[in-house]
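Worksheet: the structure to be examined is printed underneath.
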Amino acid sequence: MSINPHLSFDNTAIAFASKSNAELRKTHFLFSLMNQTWLVRIGTGIISTALKLHLPIKFLVKKTIFAHFCGGESITDAQPTIDKLAESNIQTILDFSAEGEESESEFDKTTAEQLKIIEYASKSDYLPFSVMKVSGIASNDLLESLQQQVSLSQEEEQAFQRVRDRFQSICQKSYDLNVRLMIDAEETWIQEPIDAITYEMMAKYNKERPVIWNTFQMYRHDMLDNLRKAHQTAVAQGYWLGAKLVRGAYMEKERENAEEEEREDPIQPNKEATDKDYNSGVRYCAENSSEIGLFAGTHNDKSSMLLTQIMKEFGLKNDHPNFWFGQLYGMSDHISYTLANKGYNVAKYVPYGPVEKVLPYLFRRAEENTAMAGQSSREYLLVKNELKRRKHSKA
Ligand SMILES: Cc1cc2nc3c(=O)[nH]c(=O)nc-3n(C[C@H](O)[C@H](O)[C@H](O)COP(=O)(O)OP(=O)(O)OC[C@H]3O[C@@H](n4cnc5c(N)ncnc54)[C@H](O)[C@@H]3O)c2cc1C
């Protein structure tokens, strides 16, 4: 039984209305490859090595997996994707993907690109947020030292001041140009300084409206409590809490790291516990909608459906300006297109950047779409069903 009787995510005709038969066949081919666990395992290794050796495979990657999950290599490249999504009332969040950078000059370049995105977004009706990872403007070592509260050398103090200046300039521009800014959540061992600096900026810029949004990974067993505490602090200090709720992307890494370092595992005991806290978190935000803005970043049908029902229960309009649904570009179109069709605020992360730098992101997407425990991936089945439906509706 559907949680919301007025809504169904099973209508693949709505989900894939914007795709031609040829595009759908290409998507089907791609997902059928990603559905093969062994191929993804071997393929990711081969692609990384081939690109490092400058073998001519960039073109192939660009035409296939990159084209499916990314908007292009630059902001301008991504404009046709923004336009296409906008035709179906779906907004875009440009996500400059440059992972694993560790030099000051790269941090400055990323800052400049973030500022460029905010300027670009301020001139568009379809770019309501920008998004960033603090590890894109700060070194992982520095973030770890801050978390461990070890005393910093003079050089580290200076590096930290530069991080604060970069972060401040991005937040200031977001506020000045009225583009909301989302801060992604990362690994637990660097998350505390990310939270600290983000809440400092929220206190400064979220007095009138939620401009800066932090991310809550509900696969962490302490996160529902953290959400409540962040809300209480925001209320006490008189600012809006912007909250993006996700389940969390680094589960295996977190568990391995905790075991290696003989720390308590920060992750929930099982998937059910994560789901339960995710849904409780979403409800908590709706209950406090006059103080919290919610962005539900999820591909989970039930949680998305549940939020529509909760919004109704609390009398929140479908297009309430502080309530958002978010999916990644190239995934869960059945959720994005259906919700947008019903007038909900939907935004897709559209990553862009040089092919080589987007690879870690692409590999995470490929791994997510492999067959699990003998079951084909959800995306693969949806595309397959729609192809079947089109074939039969023609007959
Ligand atoms: C718009 C958007 C923004 C995002 N931003 C971030 C971000 O800033 N930081 C981040 O870390 N991730 C982010 N993610 C990724 C997200 O955290 C999830 O990895 C991904 O969306 C899959 O979760 P799901 O809610 O879609 O649903 P599902 O597919 O139902 O859930 C899968 C998730 O459940 C959890 N899980 C699975 N098995 C177990 C288990 N045995 N025990 C406990 N938990 C389990 C894991 O988190 C896993 O990823 C984002 C996703 C979206 C759509």
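Each residue takes its place number in the sequence, starting with 1. Indexing begins at 1, ligand by ligand and atom by atom, following the structure's order.
Of the N and O atoms on the side chains of Thr12 and Glu386, at least one donor lies less than 3.5 Å from an acceptor on the other residue.
Checking atom 20 (C) of ligand 1 against the protein gives no heavy-atom contact under 4.0 Å.
At a 4.0 Å heavy-atom cut-off, ligand 1 does not touch Glu186 at all. Under 4.0 Å from ligand 1, the heavy atoms of Thr215 that appear belong solely to its side chain. Under 4.0 Å from ligand 1, the heavy atoms of Gln327 that appear belong solely to its backbone. Residue contacts with ligand 1 for Met331 are absent, since no atom lies close enough (heavy atoms, distance under 4.0 Å). Using a 4.0 Å cut-off between heavy atoms, Tyr278 makes no contact with ligand 1 at all.
A heavy-atom separation below 4.0 Å is found between Arg255 and ligand 1. For Lys244, the closest heavy-atom approach to ligand 1 falls below 4.0 Å.
Between Tyr380 and His28, the distance separating the two ring centers is shorter than 6.0 angstrom.
Few gaps surround CZ on Phe314; more than 12 heavy atoms of other groups in view lie less than 6.0 Å from it.
Within ligand 1, counting atoms from 1 as listed, the ones closer than 4.0 Å to a heavy atom of Ala249 are 10 (C), 11 (O), 12 (N), 17 (O), 19 (O). Atoms of ligand 1 lying under 4.0 Å from any heavy atom of Thr274, numbered from 1 in the order shown and given with element: 43 (C), 44 (N), 45 (C).
Below 30°, between 30° and 60°, or above 60°: for Tyr205 and Tyr175 the angle between ring planes is between 30° and 60°, a tilted geometry.
Look at Lys244 and Asp184 and you find a salt bridge, because one of the NZ, NE, NH1 or NH2 atoms lies within 4.0 Å of a carboxylate O, short of that distance.
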Distance-only donor-acceptor hits, side chain of residues 223-239, under 3.5 Å, sequence neighbours excluded:
residue, atom, partner, partner atom, Å
His231, ND1, Tyr284, OH, 2.6
His231, NE2, Glu291, OE1, 2.7
Thr233, OG1, Lys229, O, 2.9

